[in-house]
Number of protein chains: 2
Amino acid sequence: MSRAASIKDVANHAQVAVGTVSNVLNNPDRVSKRTKDRVLQAIDELGFVRNDAARQLRAGHSRTIGVVVLDVGNPFFTSLVRAAEDAAAVNGSAVLLGDSGHDANRESHYIDLFQEQRVQGLLISPVGDVADRLEALRQRGVPTVLVDRLADEDRFSSVSVDDDAGGYLAARHLLDLGRRKLAFVGGPLSIRQVSDRLLGARRAVAEVDGAALEVLDSDGQSVLAGRGVGNSLVERGAGNMPDGIFCANDLLALGVMQSLTMMNGVRIPDDVALIGYDDIDFAVSAVVPLSSIRQPTDAIGRTAIELLTEELDAQHARHRAVVFTPELVVRQSTAGAAAPH
Amino acid sequence: MSRAASIKDVANHAQVAVGTVSNVLNNPDRVSKRTKDRVLQAIDELGFVRNDAARQLRAGHSRTIGVVVLDVGNPFFTSLVRAAEDAAAVNGSAVLLGDSGHDANRESHYIDLFQEQRVQGLLISPVGDVADRLEALRQRGVPTVLVDRLADEDRFSSVSVDDDAGGYLAARHLLDLGRRKLAFVGGPLSIRQVSDRLLGARRAVAEVDGAALEVLDSDGQSVLAGRGVGNSLVERGAGNMPDGIFCANDLLALGVMQSLTMMNGVRIPDDVALIGYDDIDFAVSAVVPLSSIRQPTDAIGRTAIELLTEELDAQHARHRAVVFTPELVVRQSTAGAAAPH
DNA sequence: CTCCGCCTTTGAATCGTTTCATTGGTACGA
DNA sequence: TCGTACCAATGAAACGATTCAAAGGCGGAG
């Protein structure tokens, strides 16, 4: 109803100057206990809440960091954002979250919004081609850290995960189980993350004599796509089936699993060992709990904020590209040592 | 580097008064084309971006709406937030998103933050007991709409979904298929949404002669909990099994499905018809595509913004509680008409 | 008693935008 | 030619918090 109380109202009510109220809030030790108590009581009685706009106007910058992710529904990003929030809170910053939903327009919209809000910096997993905009922003003192994408170090800092290493890890694990006829399921290969994982897998296979890797291009990354691939494998007959399958993501792996085990009686891991990627929540609760490659989302979020803070503190800090190595999570779908037969 | 350009810089550069620049931005038709062009060019050359803090300070309120959800990872909320964002954009408002993660502290933190930001209003699916805080906020002209929770209409507007109706819908569907020995899987019953769904199911069962409903309290709402329930059902032997199962959420249903079909050869829907709740993405890609109850998330988000706008426009608007009716989605897990044998 | 230094408190200036009363100019009718 | 009406443009005031130079008050030393 009535306009919210301002610092001036508090000052009147407590019979002090506005500067004193401000000091109570920002430099409590400069104020005597007596006065402080009176001011705090006035704040309480009036229900005063700082107006962040005024604060920020005076300060010239906000205490917020803008984060734009591809998809908040994706647990990878949810967890990353949470970690970033916590890390930012340590510096007294809050996070403004934007979900681009893989849409370049939405992404651009959020960058506009955050720029108007005068965010201190930006964390972004870009969809569109925003390098030039971000560079312009940086030159005005608003640094950006790219997330889940390796950046040209000349332009930006970035935090990403080594998909090649992840692919290697997965394939190597299958090979270590004694499997030799491997298949890679994923697609489209134009997606960098998919092709990198394949590259890593190839590297592992090349290290082992007599090992082979065939590539099964899936139509998309969904459970259904995985089931499609599974069905076409079954059609080949038992003799021509791979004994180890690495899927570029867990959804595909779950689809393959459904197709092989439920409709077609193939045993996992006995006949075919199966491993996915991302370690989504469902991986652990699949019919046969799914082995997977886990990305260190917490560390990514934390590190992203760290890099951002570095650039905030020293405007001319060198950009850094931090690459994390993913981690193998072994579950039942690749458990049990030996090769089939 | 250099401080961001202000409206005053633009005014100098374009040789006009600051008020004119402001008019170009906010009342373009009050400005002659000649002047407007000059100003726009200056804006472009200086890369001027409005400072929202100053704007908001002058206006006395922001153009943002705070949204606090229980879990951004939950597709229900993701979709709801997206709809709310779009609806808010129509009014020229942006959304600030906070994820309480079922944690009362985080929730409280976001309310603080949003209050400092002077949001116009709040959408919240509350965890803790925040009614009094929200009421205080409302009295200062910041209305709140509760989401996914039926509110006391004397205090707040709310948008929710009729869980009783959803439960009725699910059970009625099983009964319509000719099933008579029904089971409800869910828990803990202390969660309102679970108990309401059960209530609705009971109502449906009471309408049909010879129909029975047994309640299987699950330990949690996860796939694993569902599998546990499924296993204990199997132990009873085929004769004592229900012929229709309604799970209080899709995860439970997926667990039950895994247990029955994969490990124990029970056929779905032939031996047992199965229906879940929420219609999560995985429902459609389960081994046997899962029938479910879908909540109209888009409509909920849109309506929530609508109610909020009503309260913003007319401070004394009566509060309204809008209750949506969920929708039955039939898939293979309850397809095929007849009762077994 | 006076002076000095220290601690507390004061209040004006400032940030960037919007608003609005006012001014300056032009065109048109009388 | 003068007056009126209208349109464009002006620029000072206001929003609320922070900052900082300056003033005020107090105690202790000389």
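Just so we're clear, the structure is a prediction, and the values are computed from it rather than from any experiment. Here is how names work: the chains are called A, B, and so on, in the same order as the sequence lines, proteins then strands, and each is numbered from 1.
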Next on the checklist: Taking A/Asn23's backbone N and O only, do any of them form a donor-acceptor pair with A/Asn26's side chain (distance below 3.5 Å, no angle check)?
Outcome noted: no

Checklist entry - Does a sphere of radius 6.0 Å around CG in B/Asp37 hold more than 12 heavy atoms from other residues, nucleotides or ligands, not counting ones at 6.0 Å or beyond? => result yes

Checklist entry - Which whole-number value in Å describes the distance from B/Gln115 CD to D/dG16 P? => result 15 Å

Checklist entry - Can we say B/Glu310 and B/Arg320 salt-bridge, meaning some charged N sits less than 4.0 Å from an Asp/Glu carboxylate O? => result yes

Item to check | Between D/dG16 (P) and A/Asp9 (CG): distance, integer Å | outcome: 8 Å

Checklist entry - Just how far, in rounded Å, is P of C/dT9 from CG of A/Asp37? => result 11 Å

Next on the checklist: Please tell me if A/Asn26 has a side-chain N or O lying less than 4.0 Å from either OP1 or OP2 of D/dT18.
Outcome noted: yes

Polar-atom pairs under 3.5 Å, protein N or O versus N or O of nucleotides 10-14 of chain D: list them with distances, or write none.
from   : atom 1 : to      : atom 2 : distance (Å)
D/dT10 : OP2    : B/Ala17 : N      : 2.8
D/dT10 : OP2    : B/Thr20 : OG1    : 2.7
D/dA14 : N3     : B/Arg58 : NH1    : 3.4

Item to check | Integer-rounded Å distance: D/dC7 P and B/Lys36 NZ | outcome: 15 Å

Item to check | A/Asn51 CG - C/dT17 C1' separation (whole Å) | outcome: 14 Å

Next on the checklist: So, does A/Ser32 get its side chain near the phosphate of C/dT9, meaning an N or O under 4.0 Å from OP1 or OP2?
Outcome noted: yes

Next on the checklist: Can you tell me which nucleotide in C/dT17, D/dA17, C/dT9 comes closest to the side chain of A/Ala54?
Outcome noted: D/dA17

Item to check | Among C/dT17, D/dA17, C/dT9, the nucleotide that comes nearest once only the side chain of B/Phe48 is considered | outcome: C/dT17

Item to check | Closest-nucleotide 5' rank along DNA chain C - winner of B/Arg30 and B/Ala53 | outcome: B/Ala53

Checklist outcome for this item: Rounded to whole Å, CD1 of A/Ile43 lies from P of D/dG16 at a distance of 16 Å

Checklist entry - Which one, C/dT17, C/dT19, D/dT18, comes nearest to the side chain of B/Arg55? => result C/dT17

Item to check | Donor on one side chain, acceptor on other, B/Gln295 and B/Asp278, under 3.5 Å | outcome: yes

Checklist entry - Within the structure shown, what part of the strands sits under 4.0 Å from A/Ser6 by heavy-atom distance: base, sugar-phosphate, or nothing? => result sugar-phosphate

Item to check | Between D/dA17 (P) and A/Lys8 (NZ): distance, integer Å | outcome: 10 Å

Checklist entry - For the atom pair CG (B/Leu122) and OG1 (B/Thr64), what is the distance rounded to the nearest 0.5 Å? => result 10.0 Å

Checklist outcome for this item: Nearest heavy-atom contact between A/His319 and A/Ser157 is CA-OG, 3.3 Å

Checklist entry - Touch check for B/Asp52, heavy atoms < 4.0 angstrom, all strands: base, sugar-phosphate only, or nothing? => result nothing

Checklist entry - For DNA chain C, whose closest nucleotide is more 5', that of B/Val21 or that of A/Arg34? => result A/Arg34

Checklist outcome for this item: From CG of B/Asp29 across to C1' of D/dC7 the rounded distance in Å is 13 Å

Item to check | Salt-bridge present (A/Asp52, A/Arg63; N to O < 4.0 Å) | outcome: yes

